[in-house]
Amino acid sequence: MSKKPVRVAVTGAAGQIGYALLFRIASGEMLGKDQPVILQLLEIPDEKAQKALKGVIMELEDCAFPLLAGVIPTGDPLVAFKDADYALLVGARPRGPGMERADLLAANAQIFTAQGKALDQVASRKVKVLVVGNPANTNAYIAMKSAPSLPRKNFTAMLRLDHNRAASQIAAKTGTAVGDIEKLTVWGNHSPTMYADYRFATVGGKSVKDLINDQVWNADTFLPTVGKRGAAIIEARGLSSAASAANAAIDHMRDWALGSNGKWVTMGIPSDGQYGIPKDVIFGFPVTTENGEYKLVEGLEIDKFSQERIDKTLKELQDEQAGVAHLL
Ligand SMILES: NC(=O)C1=CN([C@@H]2O[C@H](COP(=O)(O)OP(=O)(O)OC[C@H]3O[C@@H](n4cnc5c(N)ncnc54)[C@H](O)[C@@H]3O)[C@@H](O)[C@H]2O)C=CC1
Ligand SMILES: O=C([O-])CC(=O)C(=O)O
């Protein structure tokens, strides 16, 4: 017997990430090839955005996806999040050349307060929320704080693009296949302060750190390349990453929903105090996922270099939190 459809809310559905994301969700790449979905698509209640959304829906219809059990376009968060099982909060203003993601804080904080409240009111109590819109960690924090009746653990931010970028750089450096890299993680904020950490990583069972054996490359090439990749893409494309961001969102949600089979993945999750990160800070951590739950990988040794990096990205997150405290 076929499964009951689940409700997937996507905000910013007519934007560039939305365009790279919806078709993959509807084809079953996110929740499985046997899981029907109802897409609940939020765009700003503006004529141009709603018209663009209609166009995207026409294309969804023209794909004749067997798993697409319904599409609900709306300009109202209370409609978009009604009984939502999954919510991908993509809609926000993206940055342009010369801006840092933190510059978007004020512009986007109000969106995530309103959407957190709407999720609180109408979403499934089990809703899995992924915040993609930047600054993603702090926006997830705002949404979580605005939704006090939902479990904190339901709110996550996207660090998976950073994780995937790091894996790709390591595969190129070591001449190995990206799919063979395991136990990689990215600590902290989705910003240039993030700390992509390959000290525990393996490829084909061998230590990545030993294979690379070059701390200067780590500090001076690898970390800046991964940390500034988003800016490099804006510089090259004139627009921020969209297909790779949508791909990372699919990876994040798929692993959360269907399990990572023991593999480490990186998710931005609310801290419970592990690794000295204060409670509630939405921080990139290594996790494994199983049965719809994520579990933090605990007990990893943090050396001096790593601690300095973690302190730096934590400080940035705490400064961002202080900047939005008056809104919460
Ligand atoms: N966490 C990550 O790794 C990444 C995050 N991003 C972020 O994702 C966000 C979206 O990027 P793009 O799709 O490229 O931008 P875009 O500008 O192409 O699309 C954003 C869409 O959101 C809509 N929107 C704005 N406010 C909204 C609201 N309150 N409710 C519903 N929809 C709303 C806009 O009308 C627009 O259609 C940006 O904040 C960007 O910085 C982008 C890449 C990676
Ligand atoms: O850099 C940006 O503004 C978009 C983004 O978050 C990324 O590509 O990592």
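Note that ligands are numbered from 1 as they come in the structure, with each ligand's atoms numbered from 1 the same way. Heads up: numbering here begins at 1 and tracks the sequence. Quantities reported herein were computed from a predicted structural model and do not represent experimental measurements.
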(Q) Can you confirm whether the side chains of T225 and R165 place a donor and an acceptor under 3.5 Å from each other? (A) no
Q: Answer with yes or no after comparing the ring centroid distance for Y275 and F283 against a 6.0 Å cut-off, counting only values under it.
A: no
Q | Passing option when S271 is tested against L317, D280, I277, L296 for side-chain contact (heavy atoms from CB on, under 4.5 Å) | A | I277
Q: Pull out every atom of ligand 2 sitting under 4.0 Å from any heavy atom of G230, numbered as shown with elements.
A: 1 (O), 7 (C), 8 (O), 9 (O)
Q. Identify the closest protein heavy atom to atom 8 (O) of ligand 2: which residue and atom is it, and at what distance?
A. S241 OG, 2.3 Å
Q) So, for P270 and R152, which heavy atoms are closest and what is the spacing to 0.1 Å? A) CG-O, 3.3 Å
Q.
At under 4.0 Å between heavy atoms, is it the side chain or the backbone of I234 that contacts ligand 2, or both, or neither?
A. side chain
Q. Are side-chain heavy atoms of H190 and M158 found at a separation under 4.5 Å?
A. no
Q | Pairing of K48 and D46 as salt bridge, 4.0 angstrom limit | A | no
Q: Kindly determine whether S244 and N247 satisfy side chain to side chain donor-acceptor pair (under 3.5 Å), including the steps that lead there.
A: CA-CA 5 Å; S244 55; N247 180 67; over 6 Å; no
**Q.** Contact partition for R165 relative to ligand 2, non-hydrogen atoms under 4.0 Å
**A.** side chain
**Q.** Taking every non-hydrogen atom, the tightest pair across L42 and P77
**A.** CD1-N, 3.7 Å
Q. Which one of V131, N137, I282, T113 satisfies the side-chain contact (heavy atoms from CB on, under 4.5 Å) criterion with I142?
A. T113
**Q.** Member of W187, F222, W264 meeting the ring-ring contact (aromatic ring centres under 6.0 Å, His included) criterion with Y198
**A.** F222
Q. Is H190 in contact with ligand 2, taking contact as a heavy-atom separation below 4.0 Å?
A. yes
**Q.** Under 3.5 Å: N/O of N134 near N/O of ligand 2
**A.** yes
Q.
Taking 4.0 angstrom as the limit and counting only heavy atoms of S240, give me the atoms of ligand 2 inside it, by number and element.
A. 4 (C)
**Q.** Protein residues that have a heavy atom under 4.0 Å from any atom of ligand 1, sorted by chain and number
**A.** G12, A14, G15, Q16, I17, L42, E43, I44, V90, G91, A92, R93, P94, I111, Q115, V132, G133, N134, A136, M158, L161, H190, S240, S241, A245
Q: List the closest protein heavy-atom neighbour of atom 2 (C) of ligand 2: residue, atom name, distance to the nearest 0.1 Å.
A: R95 NE, 3.2 Å
